[in-house]
Amino acid sequence: MLYKSEVSLHTLNRLHDTDSKVDKRCCTNWKFTCLDINGRSGSQVNYEEISSDFDKRSSQGSKASRGAMRAGNTMPATVILGAQWGDEGKGKLVDRLAEQATWVARFQGGNNAGHTVVLGEQVLKFHLLPSGITRKECHLVLGDGMVIDPWVLDKELTDWKESTGEDPRGDRLYVSERAHIILPYHRFMDSLDTKIGTTGRGIGPTYADKINRVGLRFGDVAEVMGDDAWTKATVDRMNASLEAAGSNERVSTDGLVSDLAWIHENYAMCIGNTGLMLDNALKLGEHVILEGAQGCLLDIDQGTFPYVTSSITSRGNATHGAGIHPGHVEDVIGITKAYITRVGHGAMPTELDDEAGEHMGTVGHEFGTTTGRKRRCGWFDAVVMRHAQRINGFTGLALTKLDVLGGLEELNICVAYELDGKEITELPSTASALARCKPVYITMPGFPEMALSEWLALAVHANESGKGFSVLPAAAQQYVAKLEALVGVPCTSIGVGPDRDATIDCV
Ligand code: IMP
């Protein structure tokens, strides 16, 4: 369930600073210090009322109210995650759900992600900005667990400003002081990858520096600026790594100094304690969406290692990477295509090298938003999905791109693998075992091809009439019901085209 709050004050704890847009004001009846952004009036929110409501509920001591007090939240957050190898269509879903949210926060990854949102004639592509940016009321967080390329973010902000006139920095876009910065050095290192098929955006090397505890965070920039010893040690370390890795690229002290100054100048007004902001927002009754990037099978721990990304893409990291506790979460939506795709290296048991695969790639426009690479396409894989379900405990599935399968005579669904002569129903942990897995299929009847305008009309009719899922062609209904049964999770929505409204709500 989604909620829209009337509360319009957003709070921010910040390290600095006198020249920013932040108006420091303490709200002392909370147990922590809140700062009011942009001088939005504290009178819009009655903190005393909220506090006394908490006190009242606590002293009433009813089971429900004490439960709520223990959980420490008044409004649940919704987590949206990719359930496959990424590119499942998170952007479109978040964009849709953001209509009823006050905050959209990313919690991991960086500009290796790519979201396409179609608004009528306009096609918007984002890599860092959360999809909720298209909803003007929505506040946006680039959270603690992210790695952020400040130059890519700058380009997205410039494009956004050119098309809308809005500069959201510090007004409704906030960057976590704990998020790590992707510097040119990280991109140079990532460009050497030949093994994984990375996006080349510097993601892995930046996370590696974080784990090695030498990375640079947004909140550290003001502190290391002017620290010559730090700059020299950092440049020496980076150049030694580049040389050892066989790169001809080098970084310079002057370059790093000017990069730091530029980052400070461009982002000081929006760097803050975003976890605290989200926690406060939930306490103030505002709805928060935690927007995942990549997908479960690209998770560094739970994915198809080593052909994975460098972050934890799963539910367990959604709140952690956003800086709030897991008790806030109520709904966890797993996004899955009605088939499956993958970019980069690594096995994909249901990968197709035939007409059906060609159909999915062509009709589904399966080219990466970030790198433009052709995506590998295959049949829906219930083994993958059951794995994703075990890790994430989805409360609902958002099925996307069902329309793409229209026109295929028969639809295969992988229900198990054959590995070395034995049938298995769980994902093996090693890359070589996965590469030896052969899919075991069940076959369902296909449903007719329809034009995008027909699918859109069907979705609009489904939602307006309240008929939902039942407007789909019979074979499409059977297919969806089979997927739900195999994964053990109901579909909450079904995407039938790229348009914002081409989504059927399964009420
Ligand atoms: P990296 O995240 O750039 O390090 O790439 C590691 C692997 O994850 C490569 O196979 C990439 O193709 C894949 N990957 C990273 N981000 C995405 C995404 O948003 N969608 C699909 N695949 C991705």
Checklist entry - Is the shortest distance from a Lys or Arg side-chain nitrogen in Glu88 or Lys90 to a carboxylate oxygen in the other one below 4.0 Å? => result yes

Checklist entry - When you check the gap from the basic side-chain N to the acidic O, do Lys438 and Glu418 get nearer than 4.0 Å? => result no

Counting C-beta onward and ignoring hydrogens, is there a side-chain heavy-atom pair between [X] and [Y] closer than 4.5 Å?
X      : Y      : value
Pro498 : Leu452 : yes
Asn111 : Ile203 : yes
Asp299 : Val308 : no
Val104 : Val94  : yes
Phe469 : Gln477 : yes
Lys136 : Glu166 : yes
Phe394 : Leu81  : yes
Val480 : Leu402 : yes

Distance, nearest 0.5 Å, that separates [atom1] of [X] from [atom2] of [Y]:
X      : Y      : atom1 : atom2 : result
Ile211 : Ser310 : CD1   : OG    : 9.5 Å
Thr341 : Leu352 : OG1   : CG    : 12.0 Å
Ile271 : Arg178 : CD1   : CZ    : 14.0 Å
Asn112 : Asp190 : CG    : CG    : 9.0 Å
Asp95  : Thr134 : CG    : OG1   : 3.5 Å
Ile196 : Thr309 : CD1   : OG1   : 10.0 Å

Next on the checklist: Here's a test for you: under salt bridge (Lys or Arg N to Asp or Glu O under 4.0 Å), which of Lys155, Arg187, Arg201 qualifies with Asp149?
Outcome noted: Arg187

Checklist outcome for this item: Only residue of Arg373, Arg376, Lys401 satisfying salt bridge (Lys or Arg N to Asp or Glu O under 4.0 Å) with Glu366 is Lys401

Checklist entry - Relative to each other, are the rings of Trp103 and Tyr174 parallel, tilted or perpendicular (30° and 60° limits)? => result tilted

Checklist entry - Which word best sums up how the rings of Tyr267 and Phe218 line up, parallel for under 30°, tilted for 30 to 60°, or perpendicular for over 60°? => result perpendicular

Check the side chains of [Y] and [X] for a donor-acceptor pair under 3.5 angstrom, ignoring hydrogens and angles.
X      : Y      : answer
Thr350 : Asp381 : no
His328 : Asp279 : yes
Lys210 : Thr206 : no
Thr400 : Lys92  : no
Ser131 : Glu291 : yes
Asp505 : Ser493 : no
Gln84  : Thr336 : yes
Asp209 : His180 : no

Item to check | Intermediate values then yes/no, side-chain hydrogen bond (donor to acceptor under 3.5 Å, both in side chains), His139 and Glu286 | outcome: CA-CA 11 Å; His139 291 249; Glu286 303 189 350; over 6 Å; no

Examine distances only and state if a side-chain atom of [X] and a backbone atom of [Y] form a donor-acceptor pair shorter than 3.5 Å.
X      : Y      : answer
Lys337 : Asp87  : yes
Glu454 : Ala451 : yes
His387 : Leu297 : no
Arg106 : Gly110 : yes
His359 : Val404 : yes

Next on the checklist: Does Asn212 have more than 12 heavy atoms from other residues, nucleotides or ligands lying within 6.0 Å of its CG?
Outcome noted: yes

